[in-house]
Participant: 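The structure's right below; bear with me while I get my questions together.
Note that the structure is a prediction, hence the values are computed from the model and not measured. Chain naming here is simple, since letters A, B, ... match the order of the sequence lines and numbering starts at 1 in each.
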Number of protein chains: 2
Amino acid sequence: MIRRRLSRTDVVQAAITFIDDNGVQALTMRRLGAALGVEAMALYRHVPGREELISAAVGELIDDLFNDDLMQEKPSSWEGYFQFVANAMRKLALTHPKMFPLMITQPPDAPWLRPPLRSIRWVDYFLTSLKEYGFSDDRAVNAYKAFTSFLLGDLLLQVSALGVSPVPIAENSSDEQDNENLGDYPTVQRLQSKLAENHSAREFDDGLDDLIERLRTAMDS
Amino acid sequence: MIRRRLSRTDVVQAAITFIDDNGVQALTMRRLGAALGVEAMALYRHVPGREELISAAVGELIDDLFNDDLMQEKPSSWEGYFQFVANAMRKLALTHPKMFPLMITQPPDAPWLRPPLRSIRWVDYFLTSLKEYGFSDDRAVNAYKAFTSFLLGDLLLQVSALGVSPVPIAENSSDEQDNENLGDYPTVQRLQSKLAENHSAREFDDGLDDLIERLRTAMDS
DNA sequence: ACCTGAACACCGTTCAAGT
DNA sequence: ACCTGAACACCGTTCAAGT
């Protein structure tokens, strides 16, 4: 591959890919430089430092989602709109599971920008849309708050479940060892299969339906 | 202060205090050693490494909460029990805002251990309690899942709101600058005060009431 | 204008040595 | 048994130098 001159976008995109592949902790100016075929110090021409690079990577993902995808389409009902946004956010979280914790952990730019919906421009658009769907000011703000906390809770849980090593590496990997550990916890043991069942997609949709239902009755009242 | 010999507990507790005060990123083996009046290398006698120390700090907080507080008292109704647990968890999150993201970000030890309720022993106790309150197996598991995702979403939002610099430091701190930024976002601007209102305590309680109500109707059906 | 090389201060961690 | 000192490989970042 012939190396063009580096741009800020190149660096930020490379950081996203690197974090997706190796995790944040592995992201090093020297290693990212090497991945780009350049000395670490060249990165400082385009980005002020490591911390800011990570912020920029988060911002890039957010901006791509909200500018390129979410502002193009607008369903005819607010229920459909919520589902549209939720599914897009879910897809982003599952496509970049190593980035998602960063998206929600970095302090937001303003007190009323609630993760993971961290784009002022987009939040404005969202609230404006809710008004068009007939929400009052109070209902719109409440819906925004309820929606963010639903997304946060459900998506982080899904993402963190991905981080669990599927087969916990034990030096003594006989079944007996595992069962012995669980033996002290009879209810967990009995419900183990139910607890381990991963219906995250359905649970996400159900939770969203519940939320929508709650907001609907709140609107009618 | 006369220095006794160091114990593992001393090291872990010091790590918690250090993170509370300075954040994880500032936690350094050398600095933590200095805080304990000891060389960095002495810590390795008690803890395998930095990563494991942070895990141990998280585990310590969880264990303290669940063993010392949450297993002592058991309200007579399941609704009261949910409130009791939620309030204890909320208090922990707000007492250790810099630790909370670590509690929910570290991969859980088992697929059915959902953050922030990361104690097997305690989850077993929780599920057993729900059974005693009359929950079926399915309802108990559903309640556990809904409860964790509610706690996660709401508490992380509260904690991340704490991280926002209350007065964003701008070189040009005139009001005009701030308003110019917001000028492009009329709905956010108009709803700014409503959005910024911090009713987190009430919202938390309301959200919990909603959750309880949802679980109750699910039980009756 | 953009990248490199050398350098600085600071990491986590190992290991032999002290007491 | 517990802590120290020196050392190693690796960081982020600065700065003068190259092209």
Side-chain angles (χ1 to χ4, degrees), chain A residues 1-60 98-99 101-102 105-107 163 169 171, chain B residues 1-60 98-99 101-102 105-107 163 169 171:
Chain A
M1 178 170 70
I2 298 167
R3 281 268 335 296
R4 292 181 310 96
R5 228 173 45 269
L6 224 51
S7 74
R8 184 188 151 95
T9 309
D10 294 332
V11 175
V12 174
Q13 287 295 350
I16 294 174
T17 305
F18 194 96
I19 294 174
D20 280 341
D21 293 342
N22 310 105
V24 222
Q25 28 179 346
L27 178 68
T28 268
M29 299 306 269
R30 282 165 159 96
R31 288 207 266 246
L32 187 61
L36 285 163
V38 107
E39 295 300 312
M41 300 70 199
L43 303 178
Y44 288 87
R45 187 73 30 184
H46 304 97
V47 120
R50 181 180 186 268
E51 211 77 355
E52 296 89 341
L53 173 56
I54 294 172
S55 284
V58 168
E60 181 72 15
K98 303 239 174 82
M99 291 284 310
L102 300 175
T105 266
Q106 303 227 333
I169 298 125
E171 55 270 29
Chain B
M1 177 169 70
I2 298 168
R3 282 264 335 294
R4 292 181 308 97
R5 223 162 63 263
L6 225 48
S7 74
R8 182 188 153 94
T9 309
D10 294 332
V11 175
V12 174
Q13 288 293 351
I16 294 175
T17 306
F18 195 95
I19 294 174
D20 280 342
D21 292 343
N22 310 105
V24 221
Q25 25 177 354
L27 178 68
T28 269
M29 299 305 270
R30 283 166 159 95
R31 288 207 265 246
L32 186 61
L36 285 163
V38 106
E39 297 298 312
M41 299 70 197
L43 303 179
Y44 288 87
R45 188 72 29 185
H46 303 98
V47 119
R50 181 180 186 268
E51 212 75 354
E52 296 88 341
L53 173 56
I54 294 173
S55 283
V58 168
E60 180 72 17
K98 303 238 173 82
M99 292 284 309
L102 301 174
T105 266
Q106 303 228 335
I169 298 126
E171 56 269 31

Participant: Answer yes if the side chains of A:Asp20 and A:Thr17 hold a donor-acceptor pair under 3.5 Å, and no otherwise.
Facilitator: no

Participant: If you check every side-chain atom of A:Ala42, which of C:dC3, D:dC2, C:dT14 has the closest atom?
Facilitator: C:dC3

Participant: For B:Gly163 versus A:Pro107, what's the shortest heavy-atom pair and its separation?
Facilitator: O-CB, 3.6 Å

Participant: If you round to the nearest 0.5 Å, how far is CG of A:Leu27 from CG of A:Leu32?
Facilitator: 5.5 Å

Participant: Rounded to the nearest 0.5 Å, what separation is found between the CD atom of B:Gln25 and the NZ atom of B:Lys98?
Facilitator: 9.0 Å

Participant: Which pair of non-hydrogen atoms, one from A:Met29 and one from A:Leu53, has the smallest distance, and what is that distance?
Facilitator: SD-CD2, 4.4 Å

Participant: Rounded to the nearest 0.5 Å, how far does CZ of B:Arg8 lie from CZ of B:Arg45?
Facilitator: 14.5 Å

Participant: In this structure, how many angstroms lie between the C1' atom of C:dT13 and the CG atom of B:Leu43, rounded?
Facilitator: 12 Å

Participant: Calculate, to the nearest 0.5 Å, the distance between atoms CZ and OG1 belonging to A:Arg50 and A:Thr28 respectively.
Facilitator: 6.5 Å

Participant: Answer whether the closest heavy-atom distance between the side chains of B:Ile54 and B:Gln106 falls below 4.5 Å.
Facilitator: yes

Participant: Between atom CG in A:Leu32 and atom P in D:dC11, what is the gap in whole Å?
Facilitator: 12 Å

Participant: Between residues 10-30 of chain B and DNA chain C, which residues have a heavy-atom gap below 4.0 Å?
Facilitator: B:Leu27, B:Thr28, B:Met29, B:Arg30

Participant: Surrounding CD of A:Gln13 (heavy atoms of other residues, nucleotides or ligands, distance under 6.0 Å), is the total greater than 12?
Facilitator: yes

Participant: In whole angstrom, give the distance that lies between atom CD of B:Glu39 and atom P of C:dT14.
Facilitator: 17 Å

Participant: Let's test your reading of the pairing rules: Watson-Crick or G-U wobble, both distances under 3.5 Å, then write DNA chain D as a dot-bracket string with ( ), [ ], | and dots.
Facilitator: ||.|||||...|||||.||

Participant: Tell me, which of residues 44-60 of chain A have any heavy atom that sits under 4.0 Å from an atom in DNA chain D?
Facilitator: A:Tyr44, A:Gly49, A:Arg50

Participant: Do you know which two heavy atoms are closest between B:Leu36 and B:Ala14, and how far apart they sit?
Facilitator: CD2-CB, 3.8 Å

Participant: Which nucleotide wins on minimum distance to the side chain of B:Met41, given the candidates C:dT14, C:dC3, D:dC11?
Facilitator: C:dT14

Participant: CZ/B:Arg5 to NE2/B:His46 distance, rounded to the nearest 0.5 angstrom?
Facilitator: 7.5 Å

